[in-house]
A.B. asks: 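Got a structure here, written out as structure tokens. Questions coming.
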Amino acid sequence: MSADTPSRIAQEVRRRRTFAIISHPDAGKTTLTEKLLLFSGAIQIAGSVKARKASRHATSDWMEIEKQRGISVASSVMQMEYRDCVINLLDTPGHQDFSEDTYRVLTAVDAALMVIDAANGVEPQTRRLLQVCRARNTPILTFVNKMDREVKDPLALMDEIERELGMEVVPFTWPVGMGKAFHGVMDLREKQMRVFSPGEDRDRNADEILAGLDNPAYAQRFGMQYEQAQGEIELLTDAAPPFDAAAFLAGRQTPMFFGSAVNNFGVREVLDALVDLAPAPNRRAALQRVVEPEEPKFSGVVFKIQANMDPAHRDRIAFLRVASGHFERGMRLKITRSGKELRPNTVVSFLSQRRELLDEAFAGDIIGIPNHGVLQLGDTLSEGEPLQFTGLPFFAPEMFRSVEVAHPLKTKQLRAGLTQLGEEGAIQVFRPIAGTVLLLGAVGQLQFEVVAHRLEHEYGCKARILPARYNVARWVTADTGDGAAADERELKRFVDGNSHRVAHDAVDAPCVLLEYAGELRAMQENWPRIRFHALREHAGLMFQKQLEG
């Protein structure tokens, strides 16, 4: 590497912004994604993302379910340049049955853009996604969408977001009217008004801008809607907290923007805010040490695996977040988990669903490494240092099924298929201590349907997915306060005493399976030194560290 590489790496890192778009289904997330690409110049026609998604669906058998249901079950990755910044945008599945994919995507980003339907406010999926963001102190920007419809009062929306999500809201723009009487937004920081005109085909640079927040012409032109907005803005000036960059970066405060993505309105303010406010790639924790993004040596972590994107080649794309250093195509990398060496020559980047061969990447970038099962979810790649990044979440399943092979001679294929699907994160697989029937755990019913379809079409194994009696799962560790050896003895005592309802997951972490929530409460009272976890971070290493205290 050249002598100026460290300064170049630091410069490239400062240019990166990596964020995910999150929302409840139908809040307008995919539409906003398209318009951000449109405003950045990455695509020329809104709808290109959907068109390319549709063509990609046709390449994968199991994606038929996706097309039939009219939903997205896979995350999309897009890279674009705007104002000399390289923006990595991750569009996540909205359907709650595939929320774990979204949760893991959130570990790969430095900020999140939360889209809220102005008519519905904060919805259940939004709350859950925000819990994940808050647990990681992820900075969040809020876009209140669909202001061209009849929606909730903006002050009520602001209060609801603060109350439900537990963070201060700082309006950066404020709406004048709503629905058919939606006139535009006041930019509270630039002290100007952007006038709304409907229509997604108009020139995205042609918005009318009026100077000042109290221009006397506003009242005559916009009537009672302006007078109401003016009163609300005066109230906000006295009551709303000032923007605090440190509180935003710590995930305690969210800037709020209003608009209508389908009409290209309010999108530019969000894109500018992402560049101005969202952080550049930050340091990331590994078990061994904290890794700085400007370090010269490359490291990265696999946060998502998409199998059989091209069924003809049985490929598996490992999506990797670059954590440090300078990636160059063909460089020698080591997989920490297995110690194997990898020299990826066909690494791809993603631009509006187009795969393009990649020559280099820096911290914050998302790259795709085609492989045939060599890489697993949570794998760390580095130039040789044995690092293991932490924080990839698995949530306790809410639905369970037992799985049996339809043909006894296909038992081997069943176990191989479930092992790989478990590694990919498509489903959670549990091996009960007592009994031989495998159990599947999922967030939603659709995951079981996808797994059954993929077992048959990708692994040649028709499986029977049968009801299971369990409804509650918790991973278990011990905390006696007397050291690691005592914790281990207490955990063994618990597992031995409850072997009829304890199973091991993909990384051999013990998990107790119960039929009713009341059983869990009773168990917590009877075993005060056992800790019951609704969340497990990926990697047996991480869980083992917890077990060892």
Side-chain angles (χ1 to χ4, degrees), residues 23 26-29 31-32 34-36 38-39 46 113-122 141-162 169-240 243 254-274 276:
S23 78
D26 299 322
K29 178 166 50 63
T31 302
L32 181 59
E34 290 176 11
K35 299 310 173 74
L36 290 170
L38 185 69
F39 273 70
L113 175 56
M114 174 173 64
V115 185
I116 288 183
D117 185 327
N120 297 328
V122 179
L141 295 96
T142 299
F143 180 71
V144 180
N145 194 22
K146 305 184 182 180
M147 288 304 299
D148 57 319
R149 302 183 184 183
E150 291 304 317
V151 297
K152 290 186 176 184
D153 177 79
L155 281 174
L157 272 170
M158 182 176 164
D159 179 64
E160 182 180 342
I161 293 169
E162 287 194 330
V169 174
V170 182
F172 273 49
T173 66
W174 195 255
V176 178
M178 67 174 73
K180 291 180 179 178
F182 179 48
H183 299 300
V185 294
M186 292 288 187
D187 188 325
L188 303 183
R189 304 185 76 73
E190 297 295 328
K191 299 192 183 314
Q192 62 188 25
M193 179 176 177
R194 188 177 294 271
V195 180
F196 175 73
S197 59
E200 60 178 308
D201 296 326
R202 61 192 170 80
D203 184 344
R204 56 186 179 273
N205 296 308
D207 283 338
E208 181 185 1
I209 305 292
L210 304 177
L213 294 181
D214 53 2
N215 189 322
Y218 289 166
Q220 183 176 358
R221 184 168 173 181
F222 303 121
M224 61 178 291
Q225 286 81 24
Y226 167 70
E227 292 176 13
Q228 181 177 347
Q230 186 183 38
E232 291 168 344
I233 290 170
E234 288 174 2
L235 181 65
L236 292 171
T237 303
D238 295 332
F243 176 67
T254 178
M256 182 165 68
F257 301 83
F258 292 85
S260 168
V262 74
N263 287 291
N264 295 347
F265 191 77
V267 176
R268 184 174 299 285
E269 286 85 348
V270 171
L271 196 52
D272 284 331
L274 282 163
D276 295 335

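Note: hydrogens, waters and symmetry copies are ignored here, and every other heavy atom, side chains too, is used. Just so it is clear, the structure is predicted and the values come from calculations on it, not from any experiment.
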A.B. asks: Find out whether V144 and M256 are in side-chain contact, i.e. whether some heavy atom of one side chain is under 4.5 Å from a heavy atom of the other.
C.D. replies: yes
A.B. asks: For the CZ atom of F172 and the CG atom of D272, what is their distance to the nearest 0.5 Å?
C.D. replies: 12.0 Å
A.B. asks: Would you say E269 and E190 make side-chain contact, with heavy atoms under 4.5 Å?
C.D. replies: no
A.B. asks: Begin from the C-alpha positions of M186 and Y226 and carry the test side-chain contact (heavy atoms from CB on, under 4.5 Å) through to its verdict.
C.D. replies: CA-CA 10 Å; M186 292 288 187; Y226 167 70; 3.4 Å; yes
A.B. asks: Show the nearest heavy-atom pair for residues F196 and S260, with the distance to one decimal.
C.D. replies: CE1-CB, 4.3 Å
A.B. asks: Decide side-chain contact (heavy atoms from CB on, under 4.5 Å) for V270 and L141; before the verdict, give the C-alpha distance in whole Å, the side-chain angles of both, and the deciding distance to 0.1 Å.
C.D. replies: CA-CA 8 Å; V270 171; L141 295 96; 5.7 Å; no
A.B. asks: Which heavy-atom pair separates A229 from V176 by the least distance, and what is that distance?
C.D. replies: CB-CG2, 4.0 Å
A.B. asks: Please name the pair of heavy atoms, one in P175 and one in M147, separated by the smallest distance, quoted to 0.1 Å.
C.D. replies: CB-CE, 3.7 Å
A.B. asks: Could you check whether E234 and Q230, counting side-chain N and O atoms only, form a donor-acceptor pair closer than 3.5 Å?
C.D. replies: no
A.B. asks: Is there a side-chain contact between D153 and E232 (heavy atoms, below 4.5 Å)?
C.D. replies: yes
A.B. asks: Would you call F222 and L210 a side-chain contact if the rule is heavy atoms closer than 4.5 Å?
C.D. replies: yes
A.B. asks: Measure the shortest side-chain to side-chain distance between N145 and L32 over non-hydrogen atoms and say whether it is less than 4.5 angstrom.
C.D. replies: no
A.B. asks: Determine the sole option in H183, M193, E227 for which the side-chain contact (heavy atoms from CB on, under 4.5 Å) test with Y218 is passed.
C.D. replies: M193
A.B. asks: May I have the step-by-step check of side-chain contact (heavy atoms from CB on, under 4.5 Å) for V169 and T142, ending in yes or no?
C.D. replies: CA-CA 9 Å; V169 174; T142 299; over 6 Å; no
A.B. asks: I'd like to check D117 versus D26 (side-chain heavy atoms, cut-off strictly below 4.5 Å). Are they in contact?
C.D. replies: no
A.B. asks: Taking all atoms of both residues into account, what is the closest heavy-atom pair of W174 and M158, and its distance?
C.D. replies: CZ3-SD, 4.2 Å
A.B. asks: Give me the atom names and distance for the closest heavy-atom approach of V267 to N264.
C.D. replies: CG2-C, 4.1 Å
A.B. asks: State, yes or no, whether a side-chain contact exists between K35 and F265 at a heavy-atom distance under 4.5 Å.
C.D. replies: no
A.B. asks: If every non-hydrogen atom of F257 is compared with every non-hydrogen atom of A273, which pair is closest and at what distance?
C.D. replies: CZ-CB, 3.4 Å
A.B. asks: May I ask you to check whether over 12 heavy atoms, not counting those of D159, lie within 6.0 Å of atom CG?
C.D. replies: yes
A.B. asks: Enumerate the residue pairs fulfilling salt bridge (charged side-chain N to carboxylate O under 4.0 Å, His left out) with a member in residues 214-226, sequence neighbours excluded, ordered by first and then second residue.
C.D. replies: E208-R221
A.B. asks: Measuring only between side-chain heavy atoms, which start at C-beta, is L36 closer than 4.5 Å to L113?
C.D. replies: yes
A.B. asks: Nearest 0.5 angstrom please: I233 CD1 to D238 CG, how far?
C.D. replies: 12.5 Å
